[in-house]
Student: 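Handing you this structure, nothing more for now.
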Amino acid sequence: MASSATDSAFVEFERVQKSYDGETLVVKDLNLSMPKGEFLTMLGPSGSGKTTCLMMLAGFETATHGDIRIGGVSINNIPPHKRGIGMVFQNYALFPHMTVAENLAFPLEVRKIGKSEREEKVQRALDMVQMGRFGGRRPAQLSGGQQQRIALARALVFQPELVLMDEPLGALDKQLREHMQFEITRLAHELGITTVYVTHDQTEALTMSDRVAVFDDGRIQQLAPPDQLYESPQNSFVAQFIGENNTLTGVVKEIGNGKCLVQLDGGDLIDAKPVNVKNVGDRTKVSIRPERVEINKDRLSPDAHTLKAEVLEFIYMGDIFRTRLRVAGHDDFVIKTRNAPDQVRLQPGTMIDIGWLPEDCHALDA
Amino acid sequence: MKLTKTLLATSALTLAAGAAFADAHMASDMTLVSWGGAYQASQTKAYSEPYMAANAGVNIVWDESSAEAVAKLRAMNESGNITWDLVDVEAADAIRLCDEGLAMEIDHDAMLAAGNDGSTASDDFGDSIISDCFIPQIVFSTTVGYRADMVGDNAPDSICAIFDTETYPGKRALNKRPLANMEWALLCDGVAKDDIYDVLATPEGQDQAFAKLDTIKNDVIWWSAAAETPQLLADGEIVMGSTYNGRLFSAIAEQGQPIGMLWDAQMLDFDGWVIPAGLPEDRLARVLDFVSYATDTQRLADQAAYISYGPARASSAPLVGNHAELGIPMAPHMPTDPNNSKNVFVTQYDFWADYRDDLDAKFQAWLAQ
Amino acid sequence: MTDATTDAGKLTTADGQSLKKSLHRALRRQKVRALMLIAPLLLFILLSFIAPIFDMLLRSVENDIVPDTIPRTIVALDDWDATSGETPGEEVFAAFYTDFAIAEEYKSHTRLGSRLNYELTGISSLFRSTGRKVGKFETESYTEQFTAADAAFADPAQWAAWMADDAVRAALPQTADAYDAWSKIVVDLNNDVPSEEDPADFVYTGLYNDLMAGASVASIPSVDVSGWEPVSLREQFIDANDGWADPAVWATIKTYGGDYTSGYFLNSVDMQLSGEGVTQRPEDERIYITLFVRTIILSIVITGSCILLGYPIAFLLANLPLRSANVLMILVLLPFWTSLLVRTSAWKVLLQNQGVINDILVWLHVIADDNRLELINNATGTIIAMTHILLPFMILPLYSVMKTISPSYVRAAKSMGANDWTAFWRVYFPNSVPGIGAGSILVFILSIGYYITPELVGGTKGVFISNRIAYHISSSLNWGLAAALGSILLILVLALYWLYDRIVGIDNVKLGG
């Protein structure tokens, strides 16, 4: 079998396009390659094409153009039931007319696995998700979290190499969701399964994944490990979509040496790291994470540019303080400070100076 | 609680409106009940239109419910709200209504016009007064029509052609009730005409009739609406079939279908008016005035210009003229015409009143077997 | 509630009242309001649905026309042995004479005759012919002899005075009874005053009977009636119609003399109640069991064909994009918008021997011209036409249930390795069963009560029990039998519903969402 990508590639998308109506492309030229055992999350707002990609991988949608390969074999013409992919659906899709055990036995049954082996595997899968006692129940008798576990167990019971998850935690409350996030990653890593996970929740994406593919407008905007994604966004969409973010607009004044000087629209000058600005005179959006803003002048280098800021609002949030400022004409500038014993609580109305390290401030496309 | 009040008021209003609507019987309206179709049209033209022209204060409204008249009259009688003034029914139904006390008894000589030849109403109507409650109107007959083009040169001239599937292969249509069929079966099984009802009253005689009908059971399409036979004849579905003579007349004369009439052993029957029992005085007086007018010698003869049913009065017969539209003389198409009435059965109402339920149960059981 | 305290194991509110009572009071207001909201519908259903059904059930056993019309006869018949094979004695005929003379005035004897004719053929004409003669019985001779014996007997005012005297009434019970009935007739029917009218013959007959029985009253003129030639009412009746000599007639009257009867129900299951008890009807009159069985079998077949034809359509509807689904839905609903008679007539044109379908088959040489298919006027016709008519009732619930089956079920099944058929059969189909259940109940119950279509296309082998019910309602006027048949049908439907609940579970019926 011809494999065009690297040897380690297990799942590959090559120049994949998808259109439903023949007029607009939902997925535009998608290229993606993931090694075995990776946990990859497709993150993006709704309509960005991430679910379509997942459905094409599962076989429920066909690619309009391009090639999708698993283990080097093109699966374009393989029907879904022969792809051997485990899948967890948004609403779990547990069969309401079967008991939990019957649900789990279903994939084994259609594979014509003997009864005793089937029962053993079902029990093992249930135990794996700590639902060993629930085999006789009907899905409707279970809570959302329990259903989620069963759906997970069902997708794993026939030991697929690849598991797809379509926003599986969307319907759970926050606490349960965090717990399940942990459970899923633990299982995925323990079992060494390759996982493609679709979500629109960026926290979920950051905490669970080996790599995250941020989708927008039918394209992958950035494909990177979570820390890179957060700390070095490739463009303003990613910067804004991932985490909280302050944006200021201006024009590049100087550029070079991995640094640039940006004149904000209000006239103030700031230092930034050029990410995708190249020339002096380019318009840019600069993005600074709230927790990287420094209000203590002593911690900044003496030649660093600072900005005047007026405190508008102080919000106590327990572990952190959240303060809203008016900066360079924007009154939605937010900073976060740690709730430490020596931390100042800024009073609304006071004027302060703020600044940051140049590498924390990314000059992105306008 | 304002909402509740409104709701209660609304529902009360709805009920009241429903009752009022059901009772929307204006004082000047007189409701006549008939069979619809060409027959009711003939009554409208011959009776109600001239009557309304002469009596400006009366407005005649028609209701086409005669087929359910017996049941509806009983329901009205039970609810005590009689909305009909005059009902056109078959003779057998008139007897039943009279037995049940649902129709008013008529003093024919006192309430109806004398014949134009001076005879009393009861003499003029003669045998057609089959019940004390019955005001006769027409004579009709259940008779047989056949496809002229399907019998070739060998047109049937005896009722027993129905049972002769060798000479006349093909389906035949018969009424889905015992009346007429039982008589014809016995007649064609060799029972003398005068003995037929005596034989039919015995279980053996009934078995004999069913045995005769058995010979053609698989060749029969049973009808329950009289319009079916002319339609089946027109479609070529059947070679012959029984129905009312007026239906055949209109298929032959008005629609030009290739159908021939077999008058042999026609079952003569009467149709006429009954007045519902329990009408208030004023409505009764009004309807008596109308019915006396509508059943006088001239009016009954007039009706025959629209439909080929014979007037029930002897004195009307000489006045029967031509068809109102076709212009052909109507007399030869009447069941009472001497050429047609060489061999006639007159329905034995007393017999059928007694044996109808019994024979009908047997007939239906026979059909179901 | 917050102040609820436990007092001797019973919860009470802060002011010491029972918590339950208090809660009940709080909820009552809501309940009353809810009741007010449904009151109009409740009233409507009560009047238009519950009451008629109750009335029907009552009619199926009601028989008071017999004891109401001939009460004296029923009492007199108590002593007569129906199995003796002998005509009842003179005293029964005497009671019957009074009853009959009264009934004749009210014209209710004919109605009674019709009623009893359901049980014994010929009674109707017996009653009608006798009704014409009962006024001319020779009992007139009593009247003449009494009035000749004393002028007081010819004086209506004198009669009224006697009959107002309790002592006279006690001494002359038959006379008083007859006089009361007669005076009621005079007032009710003729709007006259009894004290101004000559009493009828049956009153004088009553007086004769009383005096013959040895009664003597001081206040009325003494007449010796023992020498008078007795008029045998038995002979009078038998002269009028020799049917009265037949013990079977009297056995029927005695058997059906009660206020309630099981006769209609027995008739509905091809049985009869005669002097010898409950027996099967003669074989050539057994029809209803056949019809009930046929109705059920045909309804099942119709339901089955509706499932077979409706399921794929509903599946398509549920899985098509909305716009095309709407177009298809209009096609499905089209039969709803066409008159039943038009549709049925159209089936006639299509299905009959010389009809369109046969013509096409002959033209295609599928069948020979002399061997055309019998598609109408039999059970086949009923099945075809009814399936067509009832199909929407199957498709709609199926569709609305299928609409709620998430496509992810089938996807999940496929992702787990099930092929198309397995995914459908093991996952989709079981989830659509509630729709099949709802559709089947609808179609079955509707078809079990249909009568217009079977009447028009069913011939003799394709008619239902409802056709007989319609016949008895509108044509034979045997409402009691119709009510009994209808009640049995109702019980049958309820029983099947119960059975369905036991087997499938009624919560497994969904009309949608």
Side-chain angles (χ1 to χ4, degrees), chain B residues 1 3-5 7-8 10-12 14-15 67-72 74 93 95-102 105 132 171 176-177 201 203 206-207 210 217 220-222 224-225 228 231-232 235-238 277 350-351 353-369, chain C residues 32-33 36-37 39-41 43-44 47 106-111 113-114 117-118 120-129 267 270 281-288 290-291 294 345 348-349 352-355 376-377 455-456 459-461 463 467-468 471-479 481:
Chain B
M1 288 292 103
L3 174 71
T4 325
K5 256 186 198 163
L7 277 175
L8 282 176
T10 314
S11 50
T14 315
L15 286 175
E68 305 97 54
V70 184
K72 286 198 170 175
R74 194 194 219 184
D93 285 340
I95 292 175
R96 194 181 297 265
L97 286 167
C98 207
D99 283 356
E100 291 263 331
L102 298 173
E105 283 192 21
D132 294 339
K171 297 257 180 195
K176 201 194 279 183
R177 59 183 193 185
Q206 292 161 9
D207 291 345
F210 283 125
K217 196 174 179 184
V220 178
I221 295 175
W222 302 95
S224 45
E228 287 180 62
Q231 187 59 51
L232 289 167
D235 290 348
E237 280 285 297
I238 52 171
D350 274 352
F351 175 84
D354 282 349
Y355 285 87
R356 176 170 169 163
D357 287 322
D358 214 34
L359 277 180
D360 194 74
K362 284 186 177 166
F363 189 75
Q364 296 299 334
W366 174 78
L367 281 180
Q369 277 158 15
Chain C
V32 166
R33 185 180 291 190
M36 296 270 235
L37 282 172
L41 180 64
L43 200 70
F44 178 74
L47 285 176
Y106 287 106
K107 300 290 167 214
S108 57
H109 67 295
T110 48
R111 204 181 282 211
S114 305
N117 202 61
Y118 299 146
L120 188 70
T121 301
I123 290 196
S124 182
S125 63
L126 189 58
F127 271 74
R128 265 187 296 121
S129 61
N267 198 346
D270 295 336
R281 280 188 173 261
E283 200 170 347
D284 58 356
E285 285 176 29
R286 289 177 210 161
I287 167 171
Y288 297 112
T290 318
L291 282 175
R294 179 196 291 161
S345 311
K348 280 196 148 175
V349 174
Q352 62 186 6
N353 232 329
Q354 309 292 324
I376 200 166
N377 294 321
E455 183 71 37
L456 292 178
T460 55
K461 298 275 171 26
V463 290
N467 296 84
R468 290 308 288 167
Y471 167 81
H472 285 303
I473 288 281
S474 64
S475 191
S476 84
L477 276 200
N478 193 347
W479 286 9
L481 181 55

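Reminder, nothing fancy here: chain letters follow the sequence lines and each chain counts from 1.
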Student: Let me know if Lys107(C) has heavy atoms under 4.5 Å from chain B in its side chain, its backbone, both or neither.
Tutor: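 When you check distances to chain B, atoms from both the backbone and side chain of Lys107(C) fall under 4.5 Å.
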Student: Given a strict heavy-atom distance threshold of 4.5 Å, which part of Gln206(B) is in contact with chain C: side chain, backbone, both, or neither?
Tutor: neither
Student: Pick from Trp479(C), Tyr106(C), Tyr471(C): which one has the most heavy-atom pairs with chain B under 4.5 Å?
Tutor: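 Most heavy-atom pairs within the cutoff with chain B belong to Trp479(C).
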Student: Can you name the ring pair (Phe, Tyr, Trp, His ring centres under 6.0 Å) partners of His109(C), sequence neighbours left out?
Tutor: Phe100(C)
Student: Name the region of Gln231(B), side chain, backbone, both or neither, that has any atom closer than 4.5 Å to a heavy atom of chain C.
Tutor: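 When you check distances to chain C, no heavy atom of Gln231(B) falls under 4.5 Å.
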Student: Could you look at Leu232(B) and say if it's the side chain, the backbone, both or neither that has a heavy atom under 4.5 Å from chain C?
Tutor: side chain
Student: Would you say that Asp284(C) contacts Asp207(B) through its side chain, given a criterion of any heavy-atom pair below 4.5 Å between the two side chains?
Tutor: yes
Student: What part of Phe127(C) gets closer than 4.5 Å to chain B, counting heavy atoms only: side chain, backbone, both or neither?
Tutor: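 Looking at Phe127(C), nothing touches chain B.
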Student: Which atoms of Val463(C) are under 4.5 Å from chain B, going by heavy atoms: the side chain, the backbone, both sets, or neither?
Tutor: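 Just the side chain, heavy atoms under 4.5 Å.
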Student: For chain C, which candidate among Gln364(B), Glu68(B), Glu228(B) shows the most heavy-atom pairs at distances under 4.5 Å?
Tutor: Gln364(B)
Student: Under the rule for side-chain hydrogen bond (donor to acceptor under 3.5 Å, both in side chains), what residues qualify as partners of Arg468(C), not counting sequence neighbours?
Tutor: Asp360(B)
Student: If we only count heavy atoms from C-beta on, is the Ser475(C) to Arg356(B) side-chain gap below 4.5 Å?
Tutor: yes
Student: Tell me whether Glu237(B) is salt-bridged to Lys348(C), with the criterion being a basic N under 4.0 Å from an acidic carboxylate O.
Tutor: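 Result for this pair is no, no salt bridge flagged.
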Student: With side chains defined as the heavy atoms from C-beta onward, is the minimum distance between Arg96(B) and Ser114(C) less than 4.5 Å?
Tutor: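 No - every pair of side-chain heavy atoms lies 4.5 Å or more apart.
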Student: Need one label for Asn353(C): side chain, backbone, both or neither, based on atoms under 4.5 Å from any heavy atom in chain B.
Tutor: both
Student: Quick one: what part of Ile95(B) sits under 4.5 Å from any heavy atom of chain C, side chain, backbone, both or neither?
Tutor: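 The side chain, not the backbone.
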Student: Is it the side chain or the backbone of Lys176(B) that comes within 4.5 Å of chain C heavy atoms, both, or neither?
Tutor: side chain
Student: For chain C, find which of Val220(B), Asp132(B), Ile221(B) contributes the most heavy-atom pairs closer than 4.5 angstrom.
Tutor: Ile221(B)
Student: What part of Arg128(C) gets within 4.5 angstrom of chain B, counting heavy atoms only: side chain, backbone, both, or neither?
Tutor: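 The side chain, not the backbone.
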Student: To the nearest 0.5 Å, tell me how far Arg111(C) CZ sits from Arg74(B) CZ.
Tutor: 7.0 Å
Student: At their closest point, which heavy atom of Asp99(B) faces which heavy atom of Ser124(C), and how far apart are they?
Tutor: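 That would be OD2-OG, 4.1 Å.
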